[in-house]
Amino acid sequence: MRRLFILSVLIFAAIGITSARNSGKRQYAVYGVAFYNLENLFDTINNNGKYDLEFSPQGARQWNGVKYRSKISNLARAITAMTTRTTPGGPAVIGVSEIENITVLNDLVREVDRQLESQGKATWNLQVVHHDSPDRRGVDVACLYNPRMFRFLDVTNTTLTIDGYESFRTRDQMCVTGLMGGDTLSVIVNHWPSRLGGQEQSSYLREAAAALSKHIADSLWNLRPNQGVIVMGDLNDDPQDKSCAKVLGGQRKPDKVDPHGFYNPFWEKLDKGIGTLAYKGAWNLFDQIIVSGTLLEKNNPDALHYRSCVVNNFEFLRSTEGTNKGGPLRTFSGGVFLNGYSDHFPTEVFLVKPRR
């Protein structure tokens, strides 16, 4: 009788395991894709005339080696904090903006590994993709990636031009393409034109930038209709603004997004009062990561697809006093060196790929 009982238990256990396997429960590989505006990550050498003077020892900010190394250390701390239980090795891809040159990025990724080593953790060996843009201040966008999680294939850089505005200069849009989980993914890293002169008066510039991002995405889909596309960056607009919602077509809800449309998961974050930069207590969410319909589970359940998003507003990144209390702890405020991080919080989305 005891043998029969044990045999029955084993049979029912086997049935339970089989049912679990057949009930749709799947295992996934998880990948983080992040964006971070590094807020004027300049070296100390004045090589851009008047546009670069303030970030030199002779400039108004007295930008010297001590301040520069502190800035690099602080940003590395923020980046190494971007880990979760399912992404213990950090993000697979990190788009960045407001960087001066490849030198500061090389210093940054070395510091990231130095801090990881000091914590007894495996280094990430982040690789750098950089391009010099025509922006007058000399700031660029760039991409960092972990070669263990993202296999780099190609990069293109596209200049934004405005009809009738021949002297216009801004950051190029960087499109980095690679393989993540075996699937092709393109990440378009942006830093759209600012609101200088007023939000409404300058909106047409960001609308033109959004149209360019959409054109780049459409060109990618002409080659590979099913590939994933991410538009990320400091867009200098919120999710509901015309550039993001109308021109690019970033939708608030994913249910009506077709494969070659876009879903903006950060729209709901802002609705809940969560932003990436603050001014006198009012939040904006300029640092967005907008995913294509081809990265939605309903359109591509067996391929790489979007799962969730987060604003990485870690406590140590927040200001603890003043009018910006609770907002990002920036490097300078009112010309005073605060030894902070950035005036923006980093953002991140998590993509998953079903395991076979």
S.K.: Where do Trp221 and Phe262 land on the ring pair (Phe, Tyr, Trp, His ring centres under 6.0 Å) test, with the steps shown first?
M.R.: CA-CA 13 Å; Trp221 286 320; Phe262 284 98; 5.7 Å; yes
S.K.: Do Trp283 and Phe266 have ring centroids that are under 6.0 Å from one another?
M.R.: no
S.K.: Drop me the distance from Asp241's CG to Phe286's CZ, to the nearest 0.5 angstrom.
M.R.: 7.5 Å
S.K.: As an exercise, state the distance from CG of Leu179 to CD of Gln227, rounded to the nearest 0.5 Å.
M.R.: 10.0 Å
S.K.: I want to check something: taking the side chain as every heavy atom from C-beta on, are Pro328 and Ser342 in contact at a cut-off of under 4.5 Å?
M.R.: no
S.K.: Is there a donor in the side chain of Thr159 and an acceptor in the side chain of Asp172, or the other way round, less than 3.5 Å apart?
M.R.: yes
S.K.: Do we see a donor-acceptor contact under 3.5 Å between the side chains of Thr87 and Thr84?
M.R.: yes
S.K.: Taking Arg169 first and then Asp135, would you say they form a salt bridge - that is, a charged N and a carboxylate O separated by under 4.0 Å?
M.R.: no
S.K.: Is a donor from one side chain sitting under 3.5 angstrom from an acceptor on the other, for His130 and Asp140?
M.R.: yes
S.K.: Working to the nearest 0.5 angstrom, can you tell me the gap between Asp52 CG and Ile45 CD1?
M.R.: 9.0 Å
S.K.: Walk me through it: do Tyr279 and Asn324 pass the test side chain to side chain donor-acceptor pair (under 3.5 Å)?
M.R.: CA-CA 7 Å; Tyr279 179 70; Asn324 196 43; over 6 Å; no
S.K.: Could you work out, with salt bridge (charged side-chain N to carboxylate O under 4.0 Å, His left out) as the rule, every residue matching Asp271, not counting sequence neighbours?
M.R.: Arg252
S.K.: Could you check whether Thr276 and Asp287, counting side-chain N and O atoms only, form a donor-acceptor pair closer than 3.5 Å?
M.R.: yes
S.K.: With a 3.5 Å cut-off and no angle check, do the side chains of Thr294 and Asn300 form a donor-acceptor pair?
M.R.: no
S.K.: Could you tell me whether the side chains of Gln58 and Asn46 share a donor-acceptor contact shorter than 3.5 Å?
M.R.: no
S.K.: Hey, do the aromatic rings of Phe350 and Tyr31 have their centres closer than 6.0 Å?
M.R.: no
S.K.: What I want to check is whether the side chains of Thr123 and Glu117 have a donor and an acceptor closer together than 3.5 Å.
M.R.: no
S.K.: Both conditions, 6.0 Å and 45 degrees, for the charged tip of Arg307 above the ring of Tyr28: are they met here?
M.R.: yes
S.K.: Could you tell me whether the side chains of Lys71 and Thr331 share a donor-acceptor contact shorter than 3.5 Å?
M.R.: yes
S.K.: To the nearest 0.5 Å, what is the distance between CG on Asp154 and OG1 on Thr177?
M.R.: 5.5 Å
S.K.: Under 4.0 Å between a Lys/Arg side-chain N and an Asp/Glu carboxylate O for Arg137 and Glu100?
M.R.: no
S.K.: With no hydrogens and no angle check, is any side-chain donor or acceptor of Asp107 less than 3.5 Å from a backbone partner on Arg110?
M.R.: no
S.K.: Tell me, with the steps shown, if Arg69 and Glu111 meet salt bridge (charged side-chain N to carboxylate O under 4.0 Å, His left out).
M.R.: CA-CA 9 Å; Arg69 288 190 293 273; Glu111 178 63 16; over 6 Å; no
S.K.: Filter on salt bridge (Lys or Arg N to Asp or Glu O under 4.0 Å), then keep only pairs touching residues 228-237, sequence neighbours left out; what's left?
M.R.: Arg195-Asp237, Arg206-Asp237
S.K.: Do Glu207 and Ser243 get their side chains close enough for a donor-acceptor pair, meaning under 3.5 Å?
M.R.: no
S.K.: Nearest 0.5 Å, please: how far is CG in Leu296 from CG in Asp258?
M.R.: 10.0 Å
S.K.: Quick one about Gln173 and Ser213 (side-chain donor to acceptor, distance below 3.5 Å, no hydrogens or angles considered), yes or no?
M.R.: yes
S.K.: Can you get from Val291 to Val30 by hopping between Ile, Leu, Val, Met, Phe, Trp and Tyr side chains that sit under 4.5 Å apart?
M.R.: no
S.K.: Just by distance, with hydrogens left out, do Gln119 and Lys121 show a side-chain donor and acceptor under 3.5 Å apart?
M.R.: yes
S.K.: Quick one about Asn125 and Gln127 (side-chain donor to acceptor, distance below 3.5 Å, no hydrogens or angles considered), yes or no?
M.R.: yes
S.K.: For the rings on Tyr341 and Phe316, is their centre-to-centre separation under 6.0 Å?
M.R.: yes
S.K.: Give a yes or no on whether Val336 and Leu329 share a hydrophobic cluster (residues Ile, Leu, Val, Met, Phe, Trp, Tyr; joining criterion: side-chain heavy atoms under 4.5 Å apart).
M.R.: yes
